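Per chain, numbering begins at 1; letters A, B, ... match sequence-line order. None of the values given here were measured: they were computed from a predicted structure.
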There are 2 protein chains.
Amino acid sequence: MANIYDVAKAAGVSPATVSRALNGGSVSPERAARVQAACEELGFRPNRVARGLRRQRSDVLALIISDIENPFFTALARGVEDVARASNLSVVLCNADDNPEKEAEYLDVALAEHMAGVVIFPASVTETDVTALLDRGVPVVAVDRAPESAAIDTVTADDENGAYAATRHLLDEGYRRIACITGSRGSAAAMERLRGFLRAHREGDAPRRRPRVAYADFRVRGGYQAMNDLLDLPEPPDAVLVTNNLMASGALEALHGRGLRPPGIGLASFGDTHWSHLVEPALTTVHQPAYEIGRSAAELLLQRREAPDTAPQRLILPTRLEVRGSSRRAADSSPPPARKVETRVSHPETGPRQWARLGRPDAAADSATAAGSAAR
Amino acid sequence: MANIYDVAKAAGVSPATVSRALNGGSVSPERAARVQAACEELGFRPNRVARGLRRQRSDVLALIISDIENPFFTALARGVEDVARASNLSVVLCNADDNPEKEAEYLDVALAEHMAGVVIFPASVTETDVTALLDRGVPVVAVDRAPESAAIDTVTADDENGAYAATRHLLDEGYRRIACITGSRGSAAAMERLRGFLRAHREGDAPRRRPRVAYADFRVRGGYQAMNDLLDLPEPPDAVLVTNNLMASGALEALHGRGLRPPGIGLASFGDTHWSHLVEPALTTVHQPAYEIGRSAAELLLQRREAPDTAPQRLILPTRLEVRGSSRRAADSSPPPARKVETRVSHPETGPRQWARLGRPDAAADSATAAGSAAR
DNA sequence: TCGCCACGTCGTAGATGTTGGCCATCGGGC
DNA sequence: GCCCGATGGCCAACATCTACGACGTGGCGA
């Protein structure tokens with residue numbers, strides 16, 4: 001492939017002039033045109049590897065998550081990539097599977113590749129060490145949890161209020177023995193959600209008894225077992241808040257196994273809304289703004305790239321309660337249309353539910369078109 | 001950060017010896033040990049950018065798909081990344097949104113970055129042009145469709161037999177007016193699936209009338225509208241085969257809107273099985289081996305990297321029919337356990353359904369554990 | 001009118017960090 | 001003594017960007 005010397009020769013200028021012409025240096029219009037013409041004629045594309053070596057930084061950023069097959073991360077990844085693309089950056093995808101060693105390997109690669117930045121969902125608050133990156137001036141933004149090793153930008157969802165709203169909703173529907181299936185005590189998100197759940201129980205009209213809490217592992221099987229354990233209690237709950245999408249899937253499976261459905265049992269969960277409006281029993285969900293979290297994380301990264309020495313920011317994005325399923329008080333045979341609730345403001349929903357989250361920038365007119373993607 | 005000269009100085013050898021010590025050249029054990037020690041002391045990591053420049057190829061491969069938010073691509077991406085990681089490669093993720101221009105930009109980047117290879121789901125059979133990559137010796141593997149511009153390795157699912165099995169199943173259940181909602185005529189996969197659907201109708205016990213086919217756009221809204229159109233016919237179908245997961249979501253939405261469910265209407269679809277066992281009406285699905293397609297594509301890429309001049313391969317992976325929902329003939333109030341059918345061999349299913357596809361290599365004992373990932 | 005200075009433009013050379021080719025050296029076996 | 005293999009050092013190459021210096025021109029003051 002043609003290199004910058006070939007172009008220089010063809011345009012009758014020096015390589016430096018070609019570089020300046022392409023990267024916004026001061027070049028006379030006449031020469032710039034000659035360079036432009038030579039580039040097109042030779043099909044010249046600057047070698048990004050050589051550029052990266054010389055400039056000491058690449059146009060690639062790393063996204064380290066636990067598993068792209070989790071729809072939460074899927075939407076997050078899309079948010080990151082959309083922002084990156086707008087700045088001519090590429091995204092490398094790293095599935096660390098919640099394994100600190102695997103994660104450390106990827107962090108090493110990010111360092112060795114001189115990457116432009118890292119967006120990370122830390123596998124562990126204590127073990128994840130990003131100081132090597134920071135020392136080298138590579139910006140790092142954490143999602144959901146902040147590693148202890150350093151103070152860095154963080155983006156989170158408003159887990160506490162989301163859990164509060166969902167619990168409040170179950171209480172309003174008349175459920176009185178509400179349990180919570182949450183994640184391990186090591187997860188900040190799990191604790192936040194539990195906090196919101198408990199806060200709703202401290203209000204005036206809530207039952208006085210202490211609500212039951214099951215700690216599972218944020219995985220399908222964990223949700224399945226926790227739900228079965230709860231249902232086996234001598235006094236089983238009449239409603240359950242499940243704090244992530246995978247466990248919700250397992251919990252639903254358990255309910256299916258026993259033929260339980262509302263209004264016999266109330267169910268609310270955190271998670272995405274791809275399919276939760278289609279399942280039975282209908283699932284009220286705390287929608288997490290995964291796409292927006294990804295966007296924000298990438299934007300913080302770009303900001304920090306420009307201004308490395310500003311104080312770390314902590315961003316908390318609002319969640320949204322999507323209410324579905326028949327109310328216990330007004331037991332209705334046909335499912336009512338979903339309502340979306342954000343900070344207690346509700347508005348009706350029209351048309352078929354979209355597969356993708358709303359708010360993609362290019363999805364203004366018809367979000368299904370932009371979001372849907374094609375085949376399969 | 002320390003470079004190879006620092007290490008050489010610290011170890012008392014030349015930079016070339018350091019390079020050989022790290023890359024498997026012939027170095028005396030004594031010096032190799034000194035180099036090793038120096039590396040660790042200085043925390044030396046070879047600069048992958050410089051290495052890429054010198055070696056004229058990088059350790060990164062591109063995955064160009066239409067949208068990572070589609071679970072099919074999500075599983076595919078995971079398959080690609082697992083194989084890549086085992087060979088110390090990284091994966092950059094590119095969402096082309098079925099837009100040939102966006103796709104061309106990403107192909108350009110792959111060229112400019114001297115990437116190790118490209119796995120692509122072509123946005124268009126006619127417009128997608130990968131010859132520039134091939135000319136530069138960059139291996140390209142196509143998934144699902146083969147671009148016309150060149151003969152390259154391809155990996156596909158056995159769409160035709162999958163559609164046949166699903167249609168056969170609906171016929172066996174006693175449905176007689178089965179319609180098909182498929183994708184645009186431009187998609188090879190859509191045509192393959194339609195072919196299987198029609199083949200099942202040509203068998204002895206099938207109804208003589210010509211089955212109705214709706215061409216939609218492989219998107220949620222397309223499935224919703226197509227289903228509504230079918231139901232508005234004077235003689236609506238009593239069962240429908242939907243040929244992708246997004247349209248299936250829309251079709252289900254339409255059925256919900258009319259309160260229809262089996263055995264009043266039969267439904268089968270292509271797609272993933274994350275949630276299809278939880279929805280109502282229960283969805284019989286043609287499981288596509290997305291993860292395995294990703295693995296195979298990446299493996300073909302690595303093979304071609306080693307042996308560039310072998311003839312292009314065409315790989316077709318089997319699909320699997322996952323039967324659910326009450327049979328029309330033996331109308332059963334409680335849903336029977338799912339059966340999995342592959343080439344007409346069925347085996348019973350136990351335990352809660354897993355979120356992730358089976359077959360992840362490290363998921364032997366408990367696939368939920370490996371697949372589940374953590375928080376959210 | 002001449003000279004100096006400032007500015008815009010351009011070319012040369014060097015730097016980025018690694019690897020591989022080439023050659024020299026050394027030691028052992030025949 | 002010769003040859004061969006193993007080992008290791010030097011140098012160049014990969015393709016780009018940028019610091020520095022040079023050159024020309026135009027303006028302005030003397």
Side-chain angles (χ1 to χ4, degrees), chain A residues 1-36 38-39 42-60 88 108-116 136-138, chain B residues 1-36 38-39 42-60 88 108-116 136-138:
Chain A
M1 192 149 67
N3 63 23
I4 204 171
Y5 293 99
D6 301 326
V7 175
K9 194 179 293 179
V13 298
S14 78
T17 300
V18 177
S19 175
R20 279 189 285 257
L22 297 177
N23 297 310
S26 64
V27 178
S28 68
E30 184 261 348
R31 282 176 201 245
R34 285 216 311 271
V35 168
Q36 183 63 27
C39 283
L42 297 174
F44 171 70
R45 325 229 149 263
N47 182 322
R48 291 168 75 122
V49 181
R51 166 182 291 176
L53 179 61
R54 173 62 230 236
R55 284 202 179 153
Q56 292 287 71
R57 78 172 175 181
S58 78
D59 292 335
V60 175
N88 279 318
D108 260 6
V109 171
L111 201 56
E113 292 267 10
H114 279 315
M115 287 194 182
R136 289 278 305 160
V138 178
Chain B
M1 192 149 71
N3 63 23
I4 204 170
Y5 292 98
D6 301 327
V7 176
K9 194 179 293 179
V13 298
S14 77
T17 301
V18 176
S19 174
R20 280 189 283 257
L22 297 177
N23 297 308
S26 66
V27 178
S28 69
E30 184 260 347
R31 280 175 202 246
R34 286 218 310 270
V35 168
Q36 183 64 26
C39 283
L42 298 173
F44 170 69
R45 326 231 147 259
N47 182 323
R48 292 168 74 123
V49 181
R51 165 182 292 175
L53 178 62
R54 173 63 230 233
R55 285 201 178 152
Q56 292 286 72
R57 77 172 175 181
S58 79
D59 292 335
V60 175
N88 279 318
D108 259 6
V109 171
L111 199 57
E113 292 266 12
H114 279 314
M115 287 195 184
R136 290 278 304 161
V138 177

Touch class at under 4.0 angstrom, heavy-atom based, for Val18(B) against every strand present: nothing
Under-4.0 Å side-chain N/O to phosphate OP1/OP2 contact, Gln56(B) with dG20(C): no
Side-chain N,O (Asn3(A)) to OP1/OP2 (dC14(D)) below 4.0 Å: no
Overall bend - the helix from dT1(C)-dA30(D) to dC30(C)-dG1(D), comparing terminal axes fitted on five pairs, nearest 10 degrees: 50°
Quick one: [X] [atom1] to [N] [atom2], roughly how many Å, whole number?
X	N	atom1	atom2	answer
Met1(B)	dT16(C)	CE	P	14 Å
Glu113(B)	dA15(D)	CD	P	15 Å
Asp6(B)	dG17(C)	CG	P	9 Å
Asn47(B)	dT18(C)	CG	C1'	8 Å
Arg55(A)	dG14(C)	CZ	C1'	18 Å
Lys9(A)	dA15(D)	NZ	C1'	15 Å
Arg51(B)	dT19(C)	CZ	C1'	9 Å
Asn23(B)	dG8(D)	CG	C1'	15 Å

DNA chain C contacts among residues 24-33 of chain A, heavy-atom distance under 4.0 Å: Ser26(A), Val27(A), Ser28(A), Arg31(A)
Side-chain donor or acceptor of Asn3(B) paired with backbone N/O of Asp6(B) under 3.5 Å: yes
Out of curiosity, [X] [atom1] to [Y] [atom2], how far, rounded to the nearest 0.5 Å?
X	Y	atom1	atom2	value
Arg48(B)	Met115(A)	CZ	CE	7.5 Å
Arg51(B)	Ile4(B)	CZ	CD1	8.5 Å
Asn47(A)	Glu113(B)	CG	CD	8.5 Å
Met1(B)	Arg136(A)	CE	CZ	5.0 Å
Lys9(B)	Leu42(B)	NZ	CG	11.0 Å

Quiz item: Arg54(A) side-chain donor-acceptor pair to dC17(D) base, under 3.5 Å: yes
Any Val13(A) side-chain heavy atom under 4.5 Å of Arg20(A) side chain: no
Shortest non-hydrogen separation from Gly52(B) to Val49(A) and the atoms involved: C-CG1, 3.9 Å
Residue pair Ala8(A) / Ser14(A): nearest heavy atoms and the distance that separates them: CB-C, 3.7 Å
Nucleotide nearest [X] (side chain, heavy atoms from C-beta), chosen from [options]:
X	options	answer
Ile4(A)	dT16(D), dG20(C), dT18(C)	dT16(D)
Ser14(B)	dG9(D), dC10(C), dT19(C)	dG9(D)
Arg20(B)	dG8(D), dT16(D), dG17(C)	dG8(D)

Sequence neighbours excluded and cut-off under 3.5 Å, please list the side-chain donor-acceptor pairs for residues 24-33 of chain B, or say none.
unit_1, atom_1, unit_2, atom_2, d
Ser28(B), OG, Arg31(B), N, 3.4
Glu30(B), OE1, Arg34(B), NH1, 3.3
Glu30(B), OE2, Arg34(B), NH1, 2.5

Residue met sooner reading DNA chain D from 5', once Thr17(B) and Tyr5(B) are mapped to nucleotides: Thr17(B)
